[in-house]
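A short worksheet on the structure shown next.
Predicted, not measured: the structure shown is a model, and the values here were computed from it.
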Amino acid sequence: MREPSEVGADHGLFGPGSVTWRVMGEPVLMVGGIRALLLQALHPRSMWGTAQNSELMDPSAAWSRLTRTVEFVRVRTYGTEEEVERVGRRVRRLHSKMTGLDMRTGDTFAIDEPENLLWVHMGEVDSYLDVARRAGVPLTAEDADTFVDEQRRAAAVVGIDPADVPATVAEMEEYYAEMRRRIWACREAREGLRRMFSPAVPRHLLPLKLAAPAIGSLTVATLPRWARRMYGMPGLPTSDLAATLALKGLYRTSHIVPERYRYSPDAQRARRLTREHENGLATWSIAS
């Protein structure tokens, strides 16, 4: 008997049964997304290239850029292969035309340098996984490795060779141990951190501005201790514990809310397809 697989369905890069679909829809991952931005900013060339080629440093336009980034992540996670390729092609084309100025040396560099692209990618992977595990999203060590491995498909979307991307948690840790000697918080990174506590948001999203100090404090506390120290913040173990407890509280509180309100439409669809996939596997296993 053939294993059920929703023949003909296009679930994009991941699909039912993936750890990515299980993790990415959780509301607490919002903290992971912001954490990723702070971590990514610690690579000077990545930060300079972004600041010099985008609206990130313009308070009046930064929110629009952020929403485009969120949309890119949404399509990459839940979109069809055609949709993912379309947004990936657009991003690769834009990056290929951009250069940045190294503020230390005066050298010009390409935005799509492999080191820059990989740093940004790993900032996302580490942040989403770290927040999910600390919040209490059910993940085994094997699940964590699978998540890192699955994200190599996402790396390919922006033009990174998956063979050059860490495929396990251990490899990711080795990558960060190597990169820590080459990164620091430049002026633009510190400015971005400061603005995170009082962001410019559209009028209808004013409550987000009021919540920004609390969200910002929690996000900073979730950063690795070495990253907090680079930003001039305390890197104390007590901060780690407090952040983990807060994440667990957010995760548990969010699960009091019914699924139809808790998850985005894409996440709801992913959860439905995942349940159907798992039920089909169970039926196939019994029948065989």
* Given Leu37 and Leu66, is the side chain to side chain contact (heavy atoms under 4.5 Å, CB included) satisfied, shown in steps? -> CA-CA 10 Å; Leu37 296 175; Leu66 178 60; 4.1 Å; yes

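- For Thr274, the side-chain contact (heavy atoms from CB on, under 4.5 Å) criterion is met by Pro16, Trp21, Glu278, not counting sequence neighbours.
- For His11 and Glu81, the side-chain atoms include no donor-acceptor pair closer than 3.5 Å.
- Applying the under-4.5 Å side-chain rule to Ile, Leu, Val, Met, Phe, Trp and Tyr, the cluster around Tyr261 extends to Val257.
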* Asked: Would Met122 and Met179 count as a side chain to side chain contact (heavy atoms under 4.5 Å, CB included) if you check the C-alpha gap in whole Å, the side-chain angles of each, and the deciding distance to 0.1 Å?
  -> CA-CA 11 Å; Met122 296 312 301; Met179 290 299 295; over 6 Å; no

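- Distance check, rounded to the nearest 0.5 Å: CZ of Arg269 to OG of Ser264 gives 11.0 Å.
- Under a 4.5 Å side-chain heavy-atom criterion applied to ILVMFWY residues, the cluster that includes Ile256 comprises that residue alone.
- Taken to the nearest 0.5 Å, the CD atom of Glu124 stands 7.0 Å off from the CE atom of Met24.
- A salt bridge links Arg152 with Asp149: the closest approach of a Lys/Arg side-chain nitrogen to an acidic carboxylate oxygen falls below 4.0 angstrom.
- In this pair, Tyr175 and Trp119 present their aromatic rings tilted. The plane angle is within the 30 to 60° band.
- Applying the side-chain contact (heavy atoms from CB on, under 4.5 Å) criterion to Ser198, with sequence neighbours excluded, gives Lys209.
- Under a 4.5 Å side-chain heavy-atom criterion applied to ILVMFWY residues, the cluster that includes Leu241 comprises Leu245 as well.
- With rounding to the nearest 0.5 Å, the separation of CH2 in Trp226 from CE in Met230 is 5.5 Å.
- Thr20 and Glu150 are linked by a side-chain donor-acceptor pair at a separation below 3.5 angstrom, with hydrogens and angles left out of the test.
- Ile183 is not connected to Val120 by any chain of hydrophobic side-chain contacts under 4.5 Å among Ile, Leu, Val, Met, Phe, Trp and Tyr, and they are in different clusters.
- Following chains of ILVMFWY side-chain contacts shorter than 4.5 Å, one cannot reach Trp48 starting from Leu39, and the two form parts of different hydrophobic clusters.
- In this structure, Glu115 pairs ionically with Arg182, as a charged nitrogen and a carboxylate oxygen lie closer than 4.0 Å.
- Between Asp102 and Arg45 a salt bridge is recorded (basic side-chain N to carboxylate O distance below 4.0 Å).
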Show me, pair by pair, the donor-acceptor contacts under 3.5 angstrom made by side chains of residues 137-148, not counting sequence neighbours?
from   : atom 1 : to     : atom 2 : distance (Å)
Thr140 : OG1    : Glu142 : N      : 3.4
Thr140 : OG1    : Asp143 : N      : 3.0
Thr140 : OG1    : Asp143 : OD2    : 3.2
Asp143 : OD2    : Arg22  : NH1    : 3.1
Asp143 : OD2    : Thr140 : N      : 3.0
Asp145 : OD1    : Val169 : N      : 2.8
Thr146 : OG1    : Glu142 : O      : 2.9

* Asked: Is there a salt bridge (charged side-chain N to carboxylate O under 4.0 Å, His left out) between Arg92 and Glu85 once you walk through the steps?
  -> CA-CA 10 Å; Arg92 294 192 301 271; Glu85 174 54 28; 2.8 Å; yes

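- Using modelled atom types and a 3.5 Å distance limit, the side chains of Ser54 and Arg65 yield a donor-acceptor pair.
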